[in-house]
Structures are given as C-alpha cells and as structure tokens.
Amino acid sequence: MNLKISHLGPPGTYAEQAAFFYLNWLQTYEGTTAKKSFELCPYPTIAQSLQAVIARKAEIAVIPVENSIEGSVNMTLDSLWQLDNLKIQLALVLPIQHTLVSRCTSLDNIKTVYSHPQALAQCQGWLSQFLPNVNLIASNSTTEALQRLQQEVTTAAISSSRAAKLYNLPILAEGINDYPENCTRFWVVSTEENNTSDCTHTSLAFSVPANLPGSLVKALEVFARLGINLSRIESRPTKRSLGEYLFYLDIEADVNTVIMKSALEELQNYTEILKIFGSYGVLPITPYVS
C-alpha cells in the first residue's frame, strides 16, 4: 500500500522531519512489512495539508500544533475547528534547533532574514543581539525561502541543519533559538478513529452558548469535579463577533474511559458546539540525521 502523508513543505521542514519519524515508528509498531511504500506530499500551508486528507489526496497529515517557546500554532487550531471528520492518531514531540543559513560570508552583510513566523519568534533574542537592523520577513515555512538564497547573497533564512544540507547551503550560525529546550509538538491526523489502547491524552474544542459570566467556569468545573487534569487550555476567536471565543483543551485521559464519557456527557450541557479531535499517545522523537 502506498501511504500518502501530507505536511507543510517544501521538503526539509521540521514537519517533514516529524513525518519521517512517524513512518519509522509505524513500521516498527505495525511490523516491518506494514506500509512498505509511502509518499510524502508537501503543501504550502498547514491548512492545505489538512484539506488534502479531507479530499482523500492523502491518508495522513503531520501538522505542528504547539511550540514550547511560542505556544500554539493558530492555523492548526483554526483548521481543525473548521474542518470536519479529522481525528488525532498520535502526538510527536520533536526537539528544534534552528540555524542561520546563507551564502553571505559575514553576519554584517546580511540585510534580510526569512523564516516561518514561529521560527522568527523563537530566535528573536538572538536576532536582536546579532542582527538588530535586518529586515525580518515571514514565510509559509522554514524552508520556503532557501531556494532564493542561491542568488541573493545578502539574504539569510532560519531553518534546520538538515534543510541546509538538503539544499546544499552554508550554515552561518547554529543553535540560534533563544532557549535550548525548544521543542514542537506535532499531531498525526487522519479521518479514521484511533482504536489503539495506549491513549493518554484527549483534545477537544467547544464554544459556549452565550458570553455570560460563569459560562467557561461551568464547563471547566466538570473536569475539576471529576479529578481530570487539563494539560492545556487555549482560546481562539470564533471569527463571528469581537469578544466571542472558542476554547481548546488538552486532557490527560482517554476519551473511552468511563470517567471521560461521564465528563463529556455533562460538558454538553454547557457548550454550544463540542468537537472531539480524538485520543492519542505521545511519542518523544530525536532529531533526524540523514
């Protein structure tokens, strides 16, 4: 079977790196004969990589959801809410080490730095110290701008050392993220229900019926009363009206347990729309070496 996996492209992104690790894990988990062939399908945006799964152009999407320095990836959260029938299969935690890639011979000659907004933010301290006067330009991914570096000798990009090797580009500085303990959590998403028995987390989102005092508290008290721990809570605008929000939760429990079924049944009394993105396990991974 040819397994198609969509991810944020072009080739060389951290999402592609996470996708490779998922494939290695999958063959180990299901046996060496499972999924013998695969195709990685890069897309310009996270939203498009998820839409590819909905359109059945890919079976799996590997998407970034949260960084330990900069927090949640909003496009991922918004897309999961807007698209139906997507289920999280697994979470991958990838250590991130950014490098400055350029054909420029000196930092003093760099005028422009490109990268994904998350990467620029994760390196803002280093950039302020060593490149305080450069023009910072956001791109769709950490590798999108690498091809332009072949011709633009005063331009640099923040990317991975693996991407620099892939595009045959010099590295001017390594480990430029502001905090050494920098990691990104990715979700492996498909349209299938996750039937594995080792799920430790559940992710969901909901809106409340009205913007009234106590609306959110009532929903969250359901989990507190049952002794269920929330590992993350995030709000995002509904995009309908100023001041209206959606709430995203990561919960340390399997949706199929009796206590979670009870919690979700009660939660419906306090929500307008409730979307359960699925239960899954969390897999730490190590940096890819080609």
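On a predicted model such as this, the values are computed, not experimentally measured, just so you know. Note: hydrogens, waters and symmetry copies are ignored here, and every other heavy atom, side chains too, is used. Sequence positions, counted from 1, serve as the residue numbers for this chain.
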Asp254 bridged to Lys261 by N-O distance under 4.0 Å: no
Sole residue of Asn177, Asp178, Asn182 in side chain to side chain donor-acceptor pair (under 3.5 Å) with Gln122: Asn182
Reported CG-to-CH2 distance for the pair Leu204 and Trp81, which is rounded to 0.5 angstrom: 9.5 Å
Any donor-acceptor N or O pair under 3.5 Å, side chains Tyr280, Thr202: no
Thr45-Gln48 side chain donor-acceptor pair, cut-off 3.5 Å: yes
Nearest atoms (heavy-atom pairs only) where Ser159 meets Tyr14: O-OH, 3.5 Å
Euclidean distance, Trp25 CH2 relative to Leu92 CG, rounded to 0.5 Å: 8.5 Å
Pair His201 and Phe277, ring centroids less than 6.0 Å apart: no
From CD (Glu16) to CZ (Phe21), nearest 0.5 Å: 12.0 Å
Carboxylate-amine/guanidinium contact Glu152 Arg103, below 4.0 Å: no
Heavy-atom closest pair, residues Ala156 and Ser102: CB-CB, 3.7 Å
Considering all heavy atoms, the nearest Thr184-Pro64 contact: CG2-CB, 4.0 Å
Aromatic Tyr248 / basic Arg232 pairing, under 6.0 angstrom, 45° off normal: no
Side-chain donor-acceptor pair present, Glu59, Ser190, cut-off under 3.5 Å: no
Side chains of Ser6 and Ser49, donor plus acceptor under 3.5 Å: no
